[in-house]
Protein chains: 2
Amino acid sequence: MSINHAILGILSWKPATGYELKKIFVESSIMYWSGNNNQIYKSLSHLLNEGLVGSEVVHQDGSPSKKIYTITDAGVKSLKEWVSSTPELPEIKNTFLVQFAWADLLSDQELNDLILSYEIELKAHLIMEKEIARRTLHNPDRNPREKAIWELISENIVSSYDQELKWVQEVRRRLLEDNNNGRKIYELPN
Amino acid sequence: MSINHAILGILSWKPATGYELKKIFVESSIMYWSGNNNQIYKSLSHLLNEGLVGSEVVHQDGSPSKKIYTITDAGVKSLKEWVSSTPELPEIKNTFLVQFAWADLLSDQELNDLILSYEIELKAHLIMEKEIARRTLHNPDRNPREKAIWELISENIVSSYDQELKWVQEVRRRLLEDNNNGRKIYELPN
DNA sequence: TGTCTCATGTAAGGGGTTACATGATTCC
DNA sequence: GGAATCATGTAACCCCTTACATGAGACA
């Protein structure tokens, strides 16, 4: 998938400017990548060339002029085609796991610090995701089917970070617990 | 993190050629991205310039000559620094969720097909990941701490795909179950 | 005075993919 | 005869990030 599809999707809700699209991307949990000017403005002019969106320039006094983009029938058709195309697997790029893979280079103290800082970041992020989910859920313009869909999307995101947090806590428990009194240093699983 | 760190990590186990590195990347679950020639050979010549690896050309008859890369002391130092640096959050780019966000454009039949094809892909991938995990685990060259680390890494990966599979099954249950007999169409959670 | 919001864009560069090129040997 | 393995590399091209440029009005 590319940013083009995501933009068509957002424009299928309502017309928007590049600036508004950017805000939606940045605040989104599922499309947070792509939230930068370069791609958005490039993609918009590309979609315009392809006839998938139309644009109208609106002059304002006080603020700069803006270009409002609207999805065309061809755009809706292209969006629907993409939505029903065979999905890809999620791409999980967890660089902490790569660091952790060579964590035996570290002392117990350094390893503890590493795990702890990951845990702290995860906790903060999880709170943020829950807040985004909470805000996303009460949107009155949705039919019951759409409501169910967005509920499931939020559950997916929150539970993935939640699971990662549980995992890192398990890591700490297994690798570091009782290191100081020397009873069971590396407790292995059943 | 960049591919440079991952290459240094692999070379910290034992010297290797670009070709061997590529195989390790491709077969790996945590570094499967980056398994392409372009990056590997570029990165190797960059690491060589920086003095983090050394190389030795070995001529063979029957096969092409190869360059065996070895990590230097500076390389080990740089690796250790990176390993103990503050970790990043995982980057999850789940394009299925973006498709799913606009799934209300689809009929029940089309939505069912979409969900089912995602489920099938996930199942196949999960089997593969479990197989990789199984093979990864019995490595005799590891001390107890390293064993525990790799066990935890495998658990992380398998459980993340496992959870995704459970989620998609829950999606199907909530959105599509009993659609045909019309009793409860979109059952909402408690 | 400085920062924030609105608003559109460009420049430079890193990261990553797919495909191609070469060429001998081995296996089916 | 065709594909796979070993082995190094290049070319063209997306995707994506960070930073910069411009410029008015609002707010502290």
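In this text, all values refer to a predicted model and were calculated from it rather than measured experimentally. Below, chain A is the first sequence line, B the second, and so on; all start at residue 1.
Between A:K42 atom NZ and C:dG13 atom C1' the separation is 11 Å, expressed in whole Å. Atom CD1 in A:I7 sits roughly 12 Å away from atom P in C:dT8 (whole-Å rounding). A straight line from NE2 of A:H46 to P of D:dC16 spans 15 Å, rounded to a whole angstrom. The distance from atom CD of A:E91 to atom P of D:dC15 is 12 Å, rounded to the nearest whole Å. For A:L21 and D:dC16, the CG to C1' distance is 17 Å, given to the nearest whole Å. Atom NE2 in A:H5 sits about 14 Å away from atom C1' in D:dC14, given to the nearest Å. Atom C1' of nucleotide C:dG15 and atom CH2 of A:W33 are separated by 15 Å, given to the nearest angstrom. Rounded to whole Å, atom P of D:dC16 lies 10 Å from atom CG of A:N4.
Between B:E91 and A:W33, the closest side-chain pair of non-hydrogen atoms is not below 4.5 Å. Taking the side chain as every heavy atom from C-beta outward, A:I153 and A:I157 approach each other to under 4.5 Å. Under the 4.5 Å side-chain criterion, counting only non-hydrogen atoms from C-beta, A:V98 is in contact with B:W82. Inter-residue side-chain proximity for B:L111 and A:R145 is flagged as met; some heavy-atom pair is nearer than 4.5 Å.
Residue A:Q39 places no side-chain N or O under 4.0 Å from the OP1 or OP2 atom of D:dC15. Applying the 4.0 Å criterion to OP1 and OP2 of C:dT17, one finds that B:N36 has a side-chain N or O inside that range. At C:dG15, none of the side-chain N or O atoms of A:K93 fall inside 4.0 Å of OP1 or OP2 (strictly under the cut-off).
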Tabulated below should be each protein N or O lying under 3.5 Å from an N or O of nucleotides 5-7 of chain C; please produce it.
| residue | atom | partner | partner atom | Å |
| --- | --- | --- | --- | --- |
| C:dC6 | OP2 | A:Y19 | OH | 3.1 |
| C:dA7 | OP1 | A:Q60 | OE1 | 3.3 |
| C:dA7 | OP1 | A:Q60 | NE2 | 3.1 |

Between N or O atoms, less than 3.5 Å apart, protein on one side and nucleotides 19-21 of chain C on the other: list the pairs.
none

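A salt bridge does not link A:E151 to A:K147: none of the charged nitrogens lies less than 4.0 Å from a carboxylate oxygen.
Of the possible polar contacts, none joining the A:T17 side chain to the A:I68 backbone as a donor-acceptor pair under 3.5 Å is found. In this structure, A:E110 contributes its side chain and A:S107 its backbone to a donor-acceptor pair below 3.5 Å.
A donor-acceptor contact under 3.5 angstrom links the side chains of B:E129 and B:H125, judged on distance only. For B:E164 and A:N156, the side-chain atoms include at least one donor-acceptor pair closer than 3.5 Å.
No engagement by B:K22 is indicated, since no non-hydrogen atom pair under 4.0 Å with the nucleic acid exists.
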